[in-house]
Amino acid sequence: MKYPTGVLPRKLEVTKMDQRRNHIISALVMHRPGVLQRVAGLFTRRGFNIDSITVGPSEQDGLARMTIISKGDEKVLEQITKQLNKIIEVIKVRDLDAEGTVTRELCLIKTHATSERSRSEIIQYANIFRGRIVDVGPENLTLEITGTPEKIDALIDLLRGYGIKEIARTGPTAISRGSKTI
Amino acid sequence: MKGSQAIIKSLTDEGVDVVFGYPGGVLLPLYDVIYDSDLKHILVRHEQCAAHAADGYARASGKVGVCIGTSGPGATNLVTGIATAYMDSAPIVALAGQVGTSMIGNDAFQEVDTIGITMPISKHNYQAMDSSEIPQMIRSSFYIARTGRPGPVVVDLPKDVQKGELDYPENITIDLPGYKPTKKGHPLQVKKASELILKSKKPVILAGGGIIHSESSEELQHLSELIGAPVTTTLMGKGCFPEDHPLALGMLGMHGRVASNMIVDECDCLIAVGCRFSDRTTGDVTKFAPNAKVIHIDVDPAEIGKNVAVDLPIVGDAKIILSHLVRVISQTKDQGKPDWVDYVKSFRASCLPRLSFDDVPLKPQQVIKEISEAVTDDTILTTDVGQNQMWMAHYFTSRNPRKFISSGGLGTMGFGFPSAMGAKVAMPDNDAVAVCGDGGFLMVCQDLATVKEYDIPVVVCVLDNRYLGMVAQWQKLFYDERISHTKLKAMPDFVKLAESFGINGYRVERPGEMKETLQEALKSGEPSLIDVMIDPDEILPMVPPGCGITEIVGEYKVERENPNEIPYRRSAQETGGD
């Protein structure tokens with residue numbers, strides 16, 4: 001009994017690296033201790049990539065919203081969504097499409113700023129990027145900036161030359177455009 | 001009411017009549033209530049056996065099994081049993097003691113993070129932080145354990161929570177907004193599936209444990225006969241379809257029957273119901289059922305497309321979907337495929353495995369044949385893990401659901417004996433026989449004390465070859481016969497071991513003795529152990545890992561004269577082994 005020629009074997013598509021893309025997963029979960037551990041544990045155990053995860057209270061009492069950024073192909077994304085849905089404390093899961101979604105991240109950057117010149121340049125950059133100076137010390141400035149992760153990356157690149165002492169990023173959080181909700 | 005009383009009341013309200021447990025320091029408040037409650041408590045001799053017994057209880061009866069272990073080591077000893085139940089979707093509730101809430105996190109005596117440890121191996125877990133949470137928590141645990149895709153639920157019970165006072169509510173509502181298992185299959189998908197089935201020429205049904213959980217054996221048989229589709233099963237599905245039915249192919253996969261593996265390879269439509277396409281079932285997925293359109297029916301949407309690409313998924317309860325499918329297909333014409341059915345029947349008959357051997361030492365095939373002759377359709381058989389398990393799965397003819405119990409997913413050695421104990425407790429009118437290997441049985445032999453104390457008349461058949469047979473088989477086939485640490489050089493005399501527990505011990509060495517001895521042991525109505533001396537060199541033909549399921553190595557002995565008609569007969573060297 002041989003395979004008829006020309007019949008393709010049944011297999012799951014193996015995706016090349018460039019077919020993997022970033023997904024924004026928004027999940028409504030019970031606001032309880034241990035839920036973050038369940039979600040994070042799921043990603044480790046199933047070998048899913050996780051770039052960032054943010055959690056905060058949602059519009060409903062007792063529920064929190066989680067925003068997870070993960071890399072993977074469509075098949076991986078499908079498994080992530082299904083496995084997340086299996087967690088009893090996860091109520092809803094949606095993969096947000098990048099175009100129809102507002103994504104924002106908050107970042108605090110502490111830079112060296114000793115000379116008058118570098119101080120004024122940094123302040124100008126902050127203004128251009130619609131950021132703010134939130135703390136000033138004799139040798140440092142701290143900037144606050146909100147925006148897409150790409151915009152924050154761009155500002156960080158610009159500030160590197162001055163000597164960045166510390167960066168604290170929240171990781172992106174996201175919400176869909178228009179009136180639809182999850 | 002105290003927390004501990006609320007626990008027992010909640011269990012009783014769920015219809016629990018027996019629990020398997022082992023007490024400990026933090027469980028003192030609970031055990032003080034058990035002392036004068038009507039709930040039957042069976043004191044096991046190792047917590048792992050409590051979990052396996054609860055699992056066997058659940059699989060044999062369909063009810064939720066309950067096990068109890070204390071904090072720390074008690075809970076970690078339960079872990080193997082919980083993971084076993086999780087992999088095979090068995091509904092159990094495991095109650096674990098925990099140090100007092102004020103001590104949690106202090107590395108207190110016998111403290112362990114039970115919630116953290118059991119998170120990836122349970123369907124859900126709860127930690128009660130206040131006595132008032134207990135009634136709803138236990139109600140929800142049972143609901144989650146038995147509904148949807150069943151599974152184990154762990155409840156962590158700190159000592160002070162057991163001691164605290166609460167008002168037991170009159171009505172308990174289950175509030176689980178994130179848990180709503182789909183039951184009814186999508187009608188459009190069912191319609192599409194029926195069209196696909198009617199269009200196919202060579203349909204095959206692959207039935208998994210989901211058929212047993214949803215109790216849809218009857219619907220399965222209807223569908224199979226209606227559309228002329230032979231039925232192959234996974235290990236967990238064994239027994240869901242009578243294996244002496246002319247359309248029954250037997251188990252599929254690495255240790256599957258030739259008929260199953262070849263017919264699945266040839267089919268053009270695979271109707272998979274309640275199975276998860278484990279690697280042991282599919283072999284190399286790229287070579288699995290290469291010509292088939294796959295219809296996958298499962299209650300767990302995450303199983304669809306996980307391992308094998310699916311052409312048509314239907315999410316829901318197998319019983320509802322199968323009867324829906326039968327209804328839809330019955331209304332059409334020309335459902336049957338007589339040519340295919342004839343072909344399957346004759347092919348099946350050409351490669352039924354040979355069972356009769358008069359060799360000494362005994363061949364396992366002969367032992368299993370005699371076991372089959374000694375038991376009835378109502379006997380519950382459990383197996384351990386390894387060669388004994390695969391011999392039973394391959395050669396034993398199961399006719400009824402919930403009568404063949406085995407650790408499939410996790411492959412837990414030591415599962416056979418305690419699960420038979422639980423099954424016998426659940427179904428006292430049915431005989432329970434555990435078929436174990438010598439290695440696996442030795443891991444749990446201390447629980448012979450339990451079956452003696454509570455007079456649980458299980459019969460343990462130890463297939464004794466003084467080897468960790470399955471691993472030794474792989475070493476023989478794929479590792480140049482380098483038998484590294486799989487020879488059991490020092491082993492107890494199992495007959496004397498049984499006798500030391502006050503249990504009848506028998507030894508079987510020759511053809512004919514097994515049937516006689518097993519019948520005698522079952523008739524005695526007492527717990528017994530039969531030490532069966534078998535041929536250590538017998539190898540079960542298998543599909544090497546990473547190969548397609550038609551690439552069977554080893555000599556497949558068939559029940560007929562002309563061995564030239566064996567479809568595949570290859571050596572390990574040809575396929576490259578591992």
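Keep in mind that this is a model prediction, so the values were computed, not measured. A, B, ... follow the sequence lines: proteins, then strands. Residue 1 opens every chain.
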With a 4.5 angstrom heavy-atom cut-off, is it the side chain or the backbone of [X] that approaches chain B, or both, or neither?
{"X": "R45(A)", "value": "side chain"}
{"X": "Q79(A)", "value": "side chain"}
{"X": "L28(A)", "value": "neither"}

Around atom [atom1] of [X], are there more than 12 heavy atoms from other residues, nucleotides or ligands closer than 6.0 Å?
{"X": "E59(A)", "atom1": "CD", "value": "yes"}
{"X": "D157(A)", "atom1": "CG", "value": "yes"}
{"X": "L176(B)", "atom1": "CG", "value": "yes"}
{"X": "K183(B)", "atom1": "NZ", "value": "no"}
{"X": "M103(B)", "atom1": "CE", "value": "no"}

Distance (rounded to the nearest 0.5 Å) between N85(A) CG and K180(B) NZ:
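So the gap between those two atoms works out to 11.5 Å.
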About how many Å separate CD1 of I88(A) and OH of Y126(B), when rounded to the nearest 0.5 Å?
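Nearest 0.5 Å value for the OH-CD1 distance: 7.0 Å.
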Side chain, backbone, both or neither: which part of D300(B) has an atom under 4.5 Å from a heavy atom of chain A?
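Side chain of D300(B) only, per the 4.5 Å heavy-atom cut-off to chain A.
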Give a yes or no answer on whether the side chain of K123(B) reaches the backbone of I87(A) with a donor-acceptor pair at less than 3.5 Å.
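Here the side-chain-to-backbone pair does not exist.
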Counting only N and O atoms by type, is there a donor-acceptor contact under 3.5 Å from the side chain of K82(A) to the main-chain atoms of I304(B)?
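Yes; judged by distance alone, with no hydrogens or angles, the pair exists.
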Between E89(A), K92(A), Q83(A), K86(A), which residue shows the highest count of heavy-atom pairs closer than 4.5 Å to chain B?
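Heavy-atom pairs under 4.5 Å are most numerous for K86(A).
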